[in-house]
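Okay, so here's the structure we're looking at.
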Amino acid sequence: MNIFEYIRTIIIDVAKSRGIEDNTILDKITAEPPKEEIHGDISTNIALLCSKKLNSNPRALAESIKVVLNNNIYIDNVQIAGPGFINLFLNKNIFYECCKNVLKIKSKYGRSNYGKYEKVNIEYVSANPTGPMHIGHARGAVFGDSLANLLQYVGYDVTREYYINDAGQQIINLAKSVYIRYIEILTKKEAIFDEDLYPGEYLIAVAREIIDIDGDKYLSMKEESWIQVFKEYSTNAMMKIIKEDLSLINIYHDNFVSEENIKSIGLIEKVVQLLNNNGSIYEGVLDAPKGQKNDNWESRPQLLFKSTLFGDDLDRPLKKADNTWTYFAADSAYHYDKFKRNYSSLINVWGADHGGYIKRIEGIIKSISNSKLKFDVKLCQLVNLNKDGKPVKMSKRAGNFITMRSVIDSVGADVLRFIMLTRKNDAPLDFDLVKVKEQSKDNPVYYVQYANVRINSLYEKAINQGINLNDELDNINFELLTNISEINIIKLIAKWPRQVEAAAKANEPHRVTFYLYDMASAFHSLWSLGNEDPELRFIIEDNMDLTRARLSLAVMVKIILSSGLSIIGVKPVDKLS
RNA sequence: GACUCCGUAGCUCAGCUGGAUAGAGCAACUGCCUUCUAAGCAGUAGGUCGCAGGUUCGAAUCCUGCCGGGGUCGCCA
């Protein structure tokens, strides 16, 4: 149960009873917790929004609404403040019922059917299959996966998808690189790599595998004879490595779509036909891009998509000079494929370097779906990798980029996942290999985990004293919880469903992380009160009713911490080492 | 030149898609361990929300224009 939703429906009913039918007004009516405690538990702007339509001034309207709201048994007091806010002071019973509900349904508390089982496709990671994942991939991976968890949590039917870019020049380069390793092993001559090739040692194993299966028969062949085989072997091997990397942070996609396959089944021709039919492509000439050196710019007519109709600054080419399809053409076909699979919305998680690419794909989707398909791109900004405050330098050419796997080995999967969600996606993120392992309150991972550890130690102590936490949860007297810190926690608990829903609505999983931090903070605060006043500890030996009430509070905090952590894909820590 | 993201306390960042007196954490200063784990808590101090306009009952939030920083811009994927 979401008490904010509950009160809001009551308020909306009031608005409707006054003759407000306009959804643009109704949708704006809020029932939200005010920042200031003295403004009550829930504040609504109903009078401010409806006064104009009802020809009344906001405060007068508020007065008349106040009379109605006062009749509700869960509302103790109604106050009118400022320009016409209506502040509601709720009866404690609504909070107590909320608590009982949490203890009853446990990990289901906060889940909802907000998403109405609508089908959502989230495409994330989609790292090129040319090598192991590096740390830059990790952010998008964690973000996408946590977003998928979040949307599932509030009732969407989510597909986790990976688009394999297995069709371009980089795959030919990959195959060539493996072939060089193949020669190296068989002839014992040292491998030399051109600039575009991949010198990483991880390709040696692929070459070995080919030798094991097919022997040395490709040595004497010409490139056109071995390239296809090497492409297949190496992309398969790379995808295997990437899937292993992902499994280390518990990421498993439901669906892998191959670009090569999209091309081979003729989907590009199909989508181009479609775009042609609705008049969004033409044969035209592009100007040279401004602000760049245009030395070898060569003006020529080519097949263009009218992305300027959708806010892009240029129309975008679908064909290259050699008359083959561009990456954009294949990607259009891929999104057409997703469109045909009947999703109600598509979400793409991309790196910041794809920013300039959004408008054209948006345009494609609008064009093929007649603007009906919802589409959202979440760009993840760069991760700055530091080591004790100093930037770690990475160079692709030297081959010393930091792999995701090495970071997991060093800090662990849970820390990696948590830290990746301590910023909103469109802000850059600093990741310090040393600081994230510190066990202090500068480190939000440990701060949250530590709350859980403390609750566990309480469990142990309670059990040692013969208190059974699972007994008689129905008969807990929540009214004994009168301390401000206790009430704060209860109110935070009541906000959880609202928080997840807001996070889901905005596609922003980081809000869950911040909520968890607040919850941990509220708990640490309560815990510490016991230092100053033993009466405020959780376990009071000669007052079992109070003890049970307080322990149930800890149980609820633990339930919500676990739920929140499971959304961001982090395991709760039970004991600190 | 265009597009896009960012600009909030000395530093790193939240700010619930327009609400009331803008919030945390570091760092600084003051307290709290014979105590359920101090890996923590409480408090003090710190702000012209980059600048200037506009929209309205109301703007850090939306719009426009500047300033500053990151990313991107056919024939890569």
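Values in this document were obtained by computation on a predicted structure and should not be read as measured data. Both backbone and side-chain heavy atoms feed into the values below; hydrogens, waters and symmetry mates do not. Numbered from 1 within each chain, the chains take letters A, B, ... in sequence-line order.
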Practice item. Using a 3.5 Å limit on both pairing distances, list the dot-bracket string of RNA chain B from the 5' end; Watson-Crick and G-U wobble pairs count, crossing pairs take [ ], interstrand pairs take |. Key: (((((((..((((.....[...)))).(((((.......))))).....(((((..]....))))))))))))....
Exercise for review: Classify the angle between the aromatic ring planes of Trp350(A) and His335(A) as parallel (below 30°), tilted (30 to 60°) or perpendicular (above 60°).
Suggested key: perpendicular
**Study point:** Between Tyr517(A) and Tyr447(A), ring centroids under 6.0 Å
**Key:** yes
**Study point:** CG-CD1 distance between Asn488(A) and Ile493(A), expressed to the nearest 0.5 angstrom
**Key:** 11.0 Å
Can you give me the N/O atom pairs linking the protein to nucleotides 2-4 of chain B at distances under 3.5 Å, or say none if there are none?
| unit_1 | atom_1 | unit_2 | atom_2 | d |
| --- | --- | --- | --- | --- |
| A2(B) | O2' | Asp313(A) | OD2 | 3.1 |
| C3(B) | O3' | Lys359(A) | NZ | 3.2 |
| U4(B) | OP1 | Lys359(A) | NZ | 3.3 |

Practice item. Would you state whether a donor and an acceptor, one from the side chain of Arg454(A) and one from the base of C36(B), lie under 3.5 Å apart? Key: no
Review point. What is the nucleic acid contact for Ala427(A), judged by heavy atoms within less than 4.0 Å: base, sugar-phosphate only, or nothing?
Key: sugar-phosphate
Check your understanding: Side-chain N or O of Lys320(A) less than 4.0 angstrom from OP1 or OP2 on G74(B)?
Key -> no
Point to revise | Phe328(A) six-ring centre to Arg316(A) NZ/CZ under 6.0 Å and within 45° of normal | key: no
Check your understanding: Considering only heavy atoms from C-beta outward, does the side chain of Ile20(A) approach that of Leu26(A) to under 4.5 Å?
Key -> yes
Point to revise | Side-chain N or O of Ser457(A) closer than 4.0 Å to phosphate OP1/OP2 of U37(B) | key: yes
Study note, to complete from the structure: Whichever of Pro317(A) and Ile539(A) has the more 5' nearest nucleotide on RNA chain B, that residue is Ile539(A)
Point to revise | Which residues share a salt bridge (charged side-chain N to carboxylate O under 4.0 Å, His left out) with Lys53(A), sequence neighbours left out | key: Asp22(A)
Exercise for review: Considering only atom P, compute the distance from G18(B) to C36(B) and round it to an integer number of Å.
Suggested key: 49 Å
**Study point:** Sugar-phosphate, base or nothing in reach of Ala81(A), heavy atoms under 4.0 Å
**Key:** base
Check your understanding: Which word best sums up how the rings of His134(A) and His137(A) line up, parallel for under 30°, tilted for 30 to 60°, or perpendicular for over 60°?
Key -> tilted
Exercise for review: Would you please confirm or rule out a distance under 4.0 Å between OP1 or OP2 of A38(B) and any side-chain N or O of Trp527(A)?
Suggested key: yes
Practice item. Would you classify His510(A) as touching base, sugar-phosphate or nothing, given that sugar-phosphate means primed atoms plus P, OP1 and OP2, and contacts are heavy atoms under 4.0 Å? Key: sugar-phosphate
Exercise for review: Specify the residue among Ser521(A) and Phe328(A) whose closest nucleotide of RNA chain B lies further upstream toward the 5′ end.
Suggested key: Ser521(A)
Practice item. Give a yes/no answer on whether the side chain of Tyr447(A) brings an N or O atom under 4.0 Å of OP1 or OP2 in C41(B). Key: yes
Point to revise | Sugar-phosphate, base or nothing in reach of Asn323(A), heavy atoms under 4.0 Å | key: nothing
Point to revise | Polar side-chain contact Ser43(A)-A20(B) base: donor and acceptor under 3.5 Å | key: yes
**Study point:** Face-to-face contact His524(A) to G40(B) six-ring, under 5.5 Å, under 30°
**Key:** no
Practice item. Return no unless some side-chain N or O of Ser525(A) is found under 4.0 Å from OP1 or OP2 of A42(B). Key: yes
Practice item. Nearest whole angstrom, please: distance from the C1' of G18(B) to the CZ of Phe85(A). Key: 10 Å
Review point. Phosphate oxygens OP1/OP2 of A14(B): is one of them under 4.0 Å from a side-chain N or O of Lys424(A)?
Key: yes
Review point. Measuring from Ile172(A):CD1 to Lys176(A):NZ, what's the distance to the nearest 0.5 Å?
Key: 7.0 Å
Check your understanding: Going from CZ on Arg360(A) to OG on Ser332(A), what distance comes out if it is rounded to the nearest 0.5 angstrom?
Key -> 9.5 Å
Study note, to complete from the structure: Rounded to whole Å, CG of Asn425(A) lies from P of U17(B) at a distance of 16 Å
Practice item. Could you check whether Arg511(A) gets within reach of a base, just the sugar-phosphate, or nothing at all, counting any heavy atom under 4.0 Å? Key: sugar-phosphate
Review point. With sugar-phosphate meaning primed atoms plus P, OP1 and OP2, does Asn45(A) contact a base, only sugar-phosphate, or nothing at under 4.0 Å between heavy atoms?
Key: base
**Study point:** Proximity to the side chain of Glu32(A) - top-ranked nucleotide from A77(B), U17(B), A14(B)
**Key:** U17(B)
Review point. For Phe375(A), is the NZ or CZ atom of Lys338(A) found under 6.0 angstrom from the centre of its six-membered ring and inside 45 degrees of the ring axis?
Key: no
Practice item. For Gly530(A), report the nucleic acid contact type (base, sugar-phosphate, nothing); a contact means any heavy atom under 4.0 Å. Key: base
